[in-house]
There are 2 protein chains.
Amino acid sequence: MKLNTKSRYAVMALADMAVFSSDNAVSLRDISLRQGISILYLEQIFLRLKKNNIVKSVRGINGGYILVKSPKELKISDILLALDQKVKTIGCKKDSKKSCNGKSTKCITHNFWDELDIHINSFFENKKLSDLLKNREVRI
Amino acid sequence: MKLNTKSRYAVMALADMAVFSSDNAVSLRDISLRQGISILYLEQIFLRLKKNNIVKSVRGINGGYILVKSPKELKISDILLALDQKVKTIGCKKDSKKSCNGKSTKCITHNFWDELDIHINSFFENKKLSDLLKNREVRI
DNA sequence: ATATACCCGACTAAAATAGTCAAGTTTTTG
DNA sequence: CAAAAACTTGACTATTTTAGTCGGGTATAT
């Protein structure tokens, strides 16, 4: 039960942007150097973040990305959603009355998995990007 | 971010055993028929459950498996642990002071992922197998 | 002009997943 | 005793997912 690296790197990169925010856009090159993530991979990630209106881009020299919302307003759940990282712990269809595991009724554990999803999603819903920056250790 | 089927089926199968408990052992064949899970796959799962002392086996005709603990005492986290389904949402080493993503210090989001792990694990720690059986729908 | 940096689809190697298969052993019952 | 039911175990495999890379763009500041 792991979060994929795309989601993890997305959160890292956006946290990086929040820390090194300024009036200027933050380039992927800088994020790459500071966080140790490949530029090529960051491009792929930021493409999704842009499409989902988490960041906006500035092209050309001195270009880069800018957070659309302030870190205080940006929910972690929004970031994960942008990367299709659904927190759907099992395969049962959430709302349908039938077809859990090919059976005609809800499987015996259906409600439990629903609870789990809610539990995890509420964690991401309630966390803002700014929450990650509190009490953080000094980095080199 | 999904739970694998082994874990899911393990919980389903054990819940099934709890429902259809009796003095007799429950055979994988019966669980397979009721829950729609391949016997061959159940065998693989129950091997781990047995090794981790979640169930004990009775061989021969009318054999099967028996829960070692009562459903009231069996934590879901014990089941997941038996199937190596660690709830470790990222790759950062939990306790080490170094080497998050190849950097010399904890990565910027390290503490956040730790919190997430704790959040999810506490859910599984606090749920007992018996909790899954409450208010369940009637199954065919 | 040209260097920098975003844009975007396609591709791929490696790992994980979700099983199956084969070849047993043990125990009950007729 | 023989046979069938049921557990035991390691190995194998097809499919899917993951974690990226590659190539060829386009936009813009200097």
Side-chain angles (χ1 to χ4, degrees), chain A residues 1-13 17 23-33 35-68 80 82-86 88-91 101-102, chain B residues 1-13 17 24-33 35-68 80 83-86 88-91 101-102:
Chain A
M1 182 142 172
K2 287 202 305 190
L3 219 51
N4 60 23
T5 57
K6 277 204 184 77
S7 301
R8 177 186 163 200
Y9 290 167
V11 175
M12 280 181 76
M17 287 177 70
D23 296 339
N24 303 335
V26 180
S27 72
L28 294 188
R29 188 173 169 280
D30 288 352
I31 296 174
S32 170
L33 288 172
Q35 302 301 330
I37 305 168
S38 138
I39 291 191
L40 292 166
Y41 206 27
L42 281 174
E43 280 183 357
Q44 203 183 106
I45 292 166
F46 273 76
L47 190 64
R48 324 278 318 246
L49 293 175
K50 191 191 171 190
K51 274 184 182 158
N52 285 276
N53 207 38
I54 308 285
V55 295
K56 56 188 173 187
S57 63
V58 179
R59 298 185 78 152
I61 269 184
N62 296 325
Y65 290 94
I66 297 170
L67 289 170
V68 168
L80 300 186
L83 290 149
D84 285 340
Q85 184 64 47
K86 296 180 194 80
K88 189 81 191 60
T89 46
I90 52 144
N101 205 26
Chain B
M1 181 143 172
K2 286 202 306 189
L3 218 51
N4 61 23
T5 57
K6 278 204 184 77
S7 302
R8 178 187 163 199
Y9 289 166
V11 174
M12 281 182 75
M17 286 177 69
N24 303 335
V26 180
S27 72
L28 295 187
R29 188 172 169 280
D30 287 352
I31 296 173
S32 170
L33 288 172
Q35 302 302 330
I37 306 168
S38 141
I39 290 191
L40 292 165
Y41 207 26
L42 281 174
E43 283 181 354
Q44 203 182 109
I45 292 165
F46 273 76
L47 187 63
R48 322 282 314 249
L49 293 175
K50 191 191 170 189
K51 274 184 182 159
N52 286 274
N53 206 38
I54 308 286
V55 296
K56 56 188 171 189
S57 64
V58 179
R59 298 186 81 152
I61 267 184
N62 295 325
Y65 291 92
I66 297 171
L67 291 169
V68 168
L80 301 187
L83 289 149
D84 285 340
Q85 185 65 44
K86 298 182 192 79
K88 189 82 192 60
T89 46
I90 52 144
N101 205 28

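Values reported hereafter were calculated over all heavy atoms of this structure, with side chains retained and with hydrogens, waters and symmetry mates removed. Every chain is numbered from 1 and lettered A, B, ... according to where its sequence line falls, protein lines coming before strand lines.
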Would you mind reading off the distance between [X] atom [atom1] and [N] atom [atom2], rounded to a whole angstrom?
X	N	atom1	atom2	answer
A:Leu47	D:dT26	CG	P	16 Å
B:Ile31	D:dC7	CD1	C1'	12 Å
A:Ile45	D:dT18	CD1	P	13 Å
B:Asn24	D:dA6	CG	C1'	14 Å
B:Lys51	D:dT9	NZ	C1'	7 Å
A:Arg8	D:dT18	CZ	C1'	14 Å
A:Asn62	D:dA27	CG	P	19 Å
B:Arg59	D:dA4	CZ	P	18 Å

Counting just side-chain N and O atoms, does [X] come under 4.0 Å of either OP1 or OP2 of [N]?
X	N	result
A:Thr5	D:dA19	yes
A:Tyr9	D:dG20	yes
A:Ser38	D:dT21	yes
A:Lys6	D:dG20	no

**Asked** So what does A:Ile39 hit on the nucleic acid, given a heavy-atom distance under 4.0 Å: a base, only sugar-phosphate, or nothing?
**Response**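 The answer is nothing, as A:Ile39 stays clear of every strand by at least 4.0 Å.
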**Request:** Would you mind classifying the nucleic acid contact of B:Tyr65 as base, sugar-phosphate or nothing, using non-hydrogen atoms under 4.0 angstrom?
**Result:** sugar-phosphate
Distance-only donor-acceptor hits, side chain of residues 50-58 of chain A, under 3.5 Å, sequence neighbours excluded:
residue	atom	partner	partner atom	Å
A:Lys50	NZ	A:Ser57	OG	3.3
A:Asn52	ND2	A:Arg48	O	2.9
A:Asn52	ND2	A:Ala82	O	3.4

**Complete:** Nt span of DNA chain C in reach of chain A heavy atoms at under 4.0 Å, 5' end first, is C:dA3 to C:dA10
**Complete:** On DNA chain C, more 5' by nearest nucleotide between A:Glu43 and B:Gly60 is A:Glu43
Min side-chain heavy-atom separation [X]-[Y] under 4.5 Å:
X	Y	result
A:Asn24	A:Asn62	no
A:Ile31	A:Leu42	yes
A:Tyr65	A:Val26	no
A:Met1	B:Lys2	no
A:Leu40	A:Gln44	no

**Request:** Determine to 10° how strongly the helix from C:dA1-D:dT30 to C:dG30-D:dC1 is bent, judged from the axes of its five-pair ends.
**Result:** 10°
**Request:** Report yes or no: does B:Thr5 contribute a side-chain atom to a donor-acceptor pair with the main-chain N or O of B:Arg8 at less than 3.5 Å?
**Result:**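 A pair under 3.5 Å: no.
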**Request:** Output the distance between atom OH (A:Tyr9) and atom CG (A:Asn4), rounded to the nearest 0.5 Å.
**Result:**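 A:Tyr9 atom OH to A:Asn4 atom CG measures 10.5 Å (nearest 0.5 Å).
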**Item:** Rounded distance (nearest 0.5 Å) linking atom CD1 of B:Ile45 with atom CD1 of B:Ile37
**Value:**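 With rounding to 0.5 Å, CD1 (B:Ile45) is 6.5 Å from CD1 (B:Ile37).
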**Request:** Select from A:Ile61 and A:Leu40 the residue whose nearest nucleotide in DNA chain D is closer to the 5' end of that strand.
**Result:**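 By nearest-heavy-atom nucleotide position, the 5'-most residue is A:Leu40.
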**Message:** Just by distance, no angles: are the side chains of B:Ser32 and B:Tyr41 close enough, under 3.5 Å, to form a donor-acceptor pair?
**Reply:** no
**Item:** Quiz item: A:Gln44 side-chain donor-acceptor pair to D:dT21 base, under 3.5 Å
**Value:**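 Answer is yes: a donor-acceptor pair is held.
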